[in-house]
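Worksheet for the structure shown next.
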Amino acid sequence: DGNLLDCKHVVQLLDKKVLDEDAGTMDSRLKGDNTYHFLLVMPRAKVDLSDALSHYRVAGRNKTEVIKILRQIGAHLKYLNVDCGRIHGDLKPRNLIQIEVETELGLELVWVMIDMDASCVIGSPAGQKVTSSAFLPPEMARLELAKRGSGSLERQSTRAAEILDLKVDKQAELERALRNQEFTKVSALAQDMEKLEAELLHNTNTEPVKATIALEMWHFGVLLYQLCTLDGATLWKSNHADNIVDDKEFRQLAYRWPEVKPEKLEAIVWPEARDLAERLLAEDPQDRPCTWESVLQHKFLGCFPWCLR
């Protein structure tokens, strides 16, 4: 029930109705989809953030506006994570809308969250609804690849066999490098062996990822990246549904994020924002910020006096 959530943070549900027939037969935009059985009425929005990034020169250009947007969203996530004990689970520009809200200063246009169907209680399994892959953290990407493999035991075991063969080859190279005292090569090969071991471990791991604040921190980091790159460049090449289109890039997210991360973050135009993204987009969830206070007080988001009111 949307009325249980504060309208300053989550758009309100004004009314709802069970439809007598499938909405897909009533609205051609749904292309015959027969899974829509409910009509939900919500306040009319001025624009969603995805549309705003497409039409207004904000991302990577208007620092003041970017900080204002991010602070509002950070406050919403703090409310949801701390006060409500749940995560949004599908944070992205399309799920943030601008509406009029009554504030201490009167009616103001503010950004609020919508689309709570992926929301779940902290500590419960995350990803119960399939969400956009371009916003997934590495741990969820690894789980998704493992699930794809678990659909075919033969495919899964084939990949594991490939990794084992690669480890044998790398081990032989490592022994040769040691004999020849090629210590730089030894170090590189040792790192390759560690990565192969990690991929082998994750290849068959289909244990669900728990909903945590760290998961939400990653989503916020991907959003921050898009707002702080010139004209809203995305972290990954993605389609209109915000899904990664290149399977190679998806594997990079899952298993090679520390390697590609430095070059990705170079696209962020403001150094302070890059520092915050570095923390939010840590591969290990335990290395991400653990409180929203630490994020909102970071030198990038707290750099203007009006931000602190």
Side-chain angles (χ1 to χ4, degrees), residues 9 47-79 81 88 91-98 108-113 132 134-138 213-238 242 244 249 252-253 256-285 287-309:
H9 303 288
V47 68
D48 69 44
L49 188 54
S50 176
D51 190 56
L53 292 178
S54 298
H55 293 90
Y56 309 128
R57 293 167 68 85
V58 173
R61 297 179 184 277
N62 189 334
K63 187 177 181 181
T64 301
E65 188 62 25
V66 164
I67 291 173
K68 184 177 180 180
I69 293 170
L70 287 170
R71 283 190 61 85
Q72 287 181 8
I73 297 165
H76 301 332
L77 293 172
K78 177 185 175 185
Y79 161 76
N81 297 169
H88 183 281
L91 185 73
K92 57 185 179 181
R94 198 178 308 281
N95 289 340
L96 295 158
I97 61 170
Q98 192 178 51
E108 285 190 44
L109 276 172
V110 298
W111 294 97
V112 297
M113 300 182 294
S132 303
F135 284 80
L136 292 180
I213 291 178
L215 199 66
E216 207 90 292
M217 290 290 178
W218 177 277
H219 295 152
F220 186 72
V222 178
L223 182 68
L224 178 143
Y225 180 94
Q226 189 169 355
L227 282 165
C228 297
T229 51
L230 202 58
D231 294 328
T234 53
L235 187 59
W236 307 100
K237 184 178 180 182
S238 53
D242 296 310
I244 298 174
E249 285 201 337
Q252 285 180 340
L253 168 62
R256 301 287 185 264
W257 175 241
E259 297 173 33
V260 300
K261 179 181 179 181
E263 184 177 354
K264 290 280 188 183
L265 296 193
E266 281 299 313
I268 296 177
V269 299
W270 300 299
E272 302 93 344
R274 194 177 307 128
D275 178 79
L276 181 53
E278 173 76 34
R279 304 176 192 211
L280 292 165
L281 299 178
E283 181 183 42
D284 188 339
D287 292 335
R288 297 171 201 159
C290 57
T291 68
W292 286 106
E293 285 83 356
S294 65
V295 172
L296 295 171
Q297 292 171 10
H298 183 273
K299 57 187 175 182
F300 176 61
L301 295 183
C303 62
F304 295 123
W306 59 263
C307 287
L308 302 178
R309 71 186 184 200

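Small disclaimer: the values here were computed from a predicted structure and weren't measured.
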K92 side chain to S50 main-chain N or O, any donor-acceptor pair under 3.5 Å? no
Margin query: Between R71 (side chain only) and L296 (backbone N and O only), is there a donor and an acceptor less than 3.5 Å apart?
Written below: yes
#### Entry: Beyond-backbone contact of R61 with D231, side-chain heavy atoms, under 4.5 angstrom
yes
* To do: May I ask you to check if K264 and W236 form a cation-pi contact, with NZ or CZ under 6.0 angstrom from the six-membered ring centre and within 45° of the axis?
  => yes
Margin query: Under a 3.5 Å distance rule, please check whether E216 uses its side chain to pair with a backbone N or O of H88 as donor and acceptor.
Written below: yes
So H298 and R279, do their side chains get closer than 4.5 Å, heavy atoms only? yes
Side-chain heavy-atom pair F135, L91 within 4.5 angstrom cut-off: no
- Short question: side chain of R274, backbone of L265 - any donor-acceptor pair under 3.5 Å? yes
*Okay, side chain of W257, backbone of P137: is any donor-acceptor separation there less than 3.5 Å?*
no
- prompt: Under 4.5 Å between any side-chain heavy atoms of D48 and P93, yes or no?
  reply: no
> Parallel, tilted or perpendicular for F220 and W292, by the 30°/60° rule?
Replying inline: perpendicular
Close side-chain approach of K237 and E249, heavy atoms under 4.5 Å:
yes
